[in-house]
Protein chains: 2
Amino acid sequence: MSEDAARERQELALLLRRLTVELDAVGQRFAQMHGLNRTDVRALVAIMDAARRGEALTAGRLGEAVDLRSASVTALVDRLEKVGHLRRTRDDEDRRRVVLEMSDSTMAAGAEHFGGLARDLAAAMADYTPEQLAVVHRFLLDMTDVVTRHARTDPPPP
Amino acid sequence: MSEDAARERQELALLLRRLTVELDAVGQRFAQMHGLNRTDVRALVAIMDAARRGEALTAGRLGEAVDLRSASVTALVDRLEKVGHLRRTRDDEDRRRVVLEMSDSTMAAGAEHFGGLARDLAAAMADYTPEQLAVVHRFLLDMTDVVTRHARTDPPPP
DNA sequence: ACCTAATCTCTCGATGATCGAGATTATCGA
DNA sequence: TCGATAATCTCGATCATCGAGAGATTAGGT
């Protein structure tokens, strides 16, 4: 492999990292705008994601999604409920469970903020042919695969 | 634009998000392995990045890099120094400043962990022609641009 | 050379996020 | 029906972060 090729690959890896930093900053910005912290935003996003899949999250599942213990989930839901971002409801199927429902206004704010980004990203992709997007797609799948292996166990098998 | 094209773009946006989640998890894993928190890892990475540029970070510049106030930087450096990940040195040019030097072992651990990822990413890129990588490069620059605008101010100009 | 303002780091006390342990209520299985 | 399991909550402790202010050092104007 040529020196240039090696440099290009390193450059691409750095670009991936920079993209993640900026994507994180988008969430950070949403947090600041609404007086939330990083965990709060991650929780709201998890709930929105679930809602888009037609599911409603319980407290326990939210804890799994954002990696918090049950005591912390209670505190998290407390503060989000206190400012009206969501409300608790008892699950009628299993009355031990607490299902979380986001308020319409918060759902709208989230859709505005993150949906706007998705919209602009999609618009920027108009500059690419379907074949090019297919290449990018494969690339992202491959890179995600490598990263995921490193995230789970240090020296990945293949 | 066709339905499929729209779906493909949305899929790519989701892939970018998933990639950032997994990249975050790589740092999280490093944190767990060394008994650190997210901020600590971000600090060590910032110091490593600076070192690679041939610079040494001062406490103040580290605070800018990880977005912490001076009191928090003191506490951060305290705990990293206590476990031997770095040491404070007075800057002889400006004796108000504290320059931070990472220990060799921590630098090596970081290089092992994150450098290993970079190596595997580069290896996975071998499946792509230079022309394909150029397309990916342009794509990532474009997407980063869009994301960065959303991270700074909500409705971006162009 | 001086003196004031600005800069850099640190200390202190307060606040808030997270957790482990244990309590409470509800469901499930024998 | 009863014991085991599960879901959530309460309580007290710990830790990260911050604002305000102190102490030390440098920069700039006179």
Side-chain angles (χ1 to χ4, degrees), chain A residues 24-25 27-32 34-47 50 55-83 85-102, chain B residues 24-25 27-32 34-47 50 55-83 85-102:
Chain A
D24 221 67
Q28 178 65 27
R29 183 176 156 73
F30 186 81
Q32 278 180 311
H34 295 83
L36 303 172
N37 62 34
R38 171 181 155 87
T39 298
D40 297 343
V41 174
R42 293 214 304 152
L44 292 178
V45 168
I47 295 174
E55 309 169 18
L57 283 192
T58 64
R61 286 194 177 280
L62 174 61
E64 293 168 12
V66 299
D67 193 33
L68 284 183
R69 306 309 131 220
S70 109
S72 309
V73 174
T74 299
L76 164 65
V77 174
D78 277 351
R79 53 182 191 264
L80 288 178
E81 189 176 35
K82 183 175 302 183
V83 294
H85 286 313
L86 52 81
R87 54 188 176 283
R88 287 173 160 97
T89 312
R90 277 287 157 193
D91 185 348
D92 287 325
E93 311 250 336
D94 183 343
R95 298 183 42 73
R96 292 170 303 180
R97 283 196 253 264
V98 166
V99 319
L100 307 171
E101 299 177 4
M102 270 185 68
Chain B
D24 221 67
Q28 178 65 26
R29 184 176 154 73
F30 186 82
Q32 278 179 312
H34 294 83
L36 303 172
N37 63 33
R38 172 182 155 87
T39 298
D40 296 344
V41 175
R42 294 214 303 152
L44 292 179
V45 168
I47 295 175
E55 309 170 18
L57 283 193
T58 63
R61 284 195 178 280
L62 174 61
E64 295 168 12
V66 298
D67 193 33
L68 283 184
R69 307 309 131 218
S70 111
S72 308
V73 174
T74 299
L76 164 65
V77 174
D78 278 352
R79 53 182 192 263
L80 289 179
E81 190 176 35
K82 183 174 300 182
V83 294
H85 286 312
L86 51 81
R87 54 188 178 282
R88 288 172 158 97
T89 314
R90 276 288 158 192
D91 185 349
D92 286 327
E93 310 251 336
D94 182 344
R95 298 181 43 70
R96 291 168 302 183
R97 284 196 252 263
V98 166
V99 319
L100 307 171
E101 299 176 4
M102 270 184 69

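Here is how names work: the chains are called A, B, and so on, in the same order as the sequence lines, proteins then strands, and each is numbered from 1. This structure is a prediction, so every number in the text was calculated from the model and none was measured.
Distance CG (D91(B)) to C1' (dA27(D)): 15 Å, rounded to an integer number of Å. Atom CD in E93(A) sits roughly 19 Å away from atom P in dA6(D) (whole-Å rounding). The distance from atom CZ of R61(A) to atom P of dA6(D) is 14 Å, rounded to the nearest whole Å. For the pair L76(A) CG and dC9(D) P, the interatomic distance rounds to 11 Å; values are reported in whole Å. dT18(C) atom C1' lies 13 Å from atom CD of Q28(B), rounded to whole Å. For the pair N37(B) CG and dT17(D) C1', the computed distance is 11 Å after rounding to whole Å. For the pair R97(B) CZ and dT7(C) P, the interatomic distance rounds to 11 Å; values are reported in whole Å. As rounded to whole Å, 15 Å separates atom C1' of dA7(D) from atom CZ of R69(A).
For a distance-only test at 3.5 Å, the side chain of S70(A) fails to qualify as a donor-acceptor partner of the base of dC19(C).
The listed nucleotides are dC8(C), dT27(C), dG19(D); the one nearest the side chain of R96(B) is dC8(C). Checking dC12(C), dT18(C), dC8(C) against every side-chain atom of A71(B), the shortest atom distance belongs to dC12(C). The A59(A) side chain lies nearest to dT8(D) when the options are dT8(D), dT25(D), dA26(C). You'll find that the side chain of D94(B) is closest to dT25(D), out of dC9(D), dG19(D), dT25(D). In the set dT9(C), dT25(D), dT18(C), dT9(C) carries the atom at the smallest distance from any side-chain atom of T58(B). Of the candidates dG20(C), dT18(C), dA16(D), dA16(D) carries the atom nearest the T39(B) side chain, counting heavy atoms from C-beta on. Across dT26(D), dA7(D), dA16(D), the shortest atom-to-atom separation from the side chain of R95(B) is found for dT26(D).
One finds the CG atom of L80(A) at 5.0 Å from the CG atom of L86(A) (value rounded to the nearest 0.5 Å). Expressed to the nearest 0.5 Å, how far CG of L44(B) lies from NE2 of H34(B) amounts to 9.0 Å. Put simply, CG on L36(B) and CZ on R42(B) are 14.0 Å apart, with the number rounded to the nearest 0.5 Å.
Heavy atoms of L68(B) sit under 4.0 angstrom from primed sugar atoms or phosphate atoms, though from no base atom. R88(B) comes within 4.0 angstrom of the backbone, heavy atoms only, and of no base.
More than 12 heavy atoms of other residues, nucleotides or ligands sit less than 6.0 Å from atom CZ of R88(B). The number of heavy-atom neighbours closer than 6.0 Å to CZ of R79(B), taken from other residues, nucleotides and ligands shown, is above 12.
The residue among D40(A) and R90(A) whose nearest nucleotide of DNA chain C is located toward the 5' end is D40(A).
Contact check on D24(A) versus R38(A) returns a salt bridge, with a Lys/Arg side-chain nitrogen under 4.0 Å from an Asp/Glu carboxylate oxygen.
Look at S72(A) and you won't find any side-chain N or O under 4.0 angstrom from OP1 or OP2 of dT18(C). Of the side-chain N and O atoms in R79(B), one or more sit less than 4.0 angstrom from OP1 or OP2 of dT17(D).
Counting heavy atoms from C-beta on, the side chains of H85(B) and I47(B) never come closer than 4.5 Å. Considering only heavy atoms from C-beta on, V98(B) stays 4.5 Å or farther from V77(B) through its side chain.
Rounded to 10 degrees, the angle between the two end axes of the helix from dA1(C)-dT30(D) to dA30(C)-dT1(D) is 30°, with five pairs used at each end.
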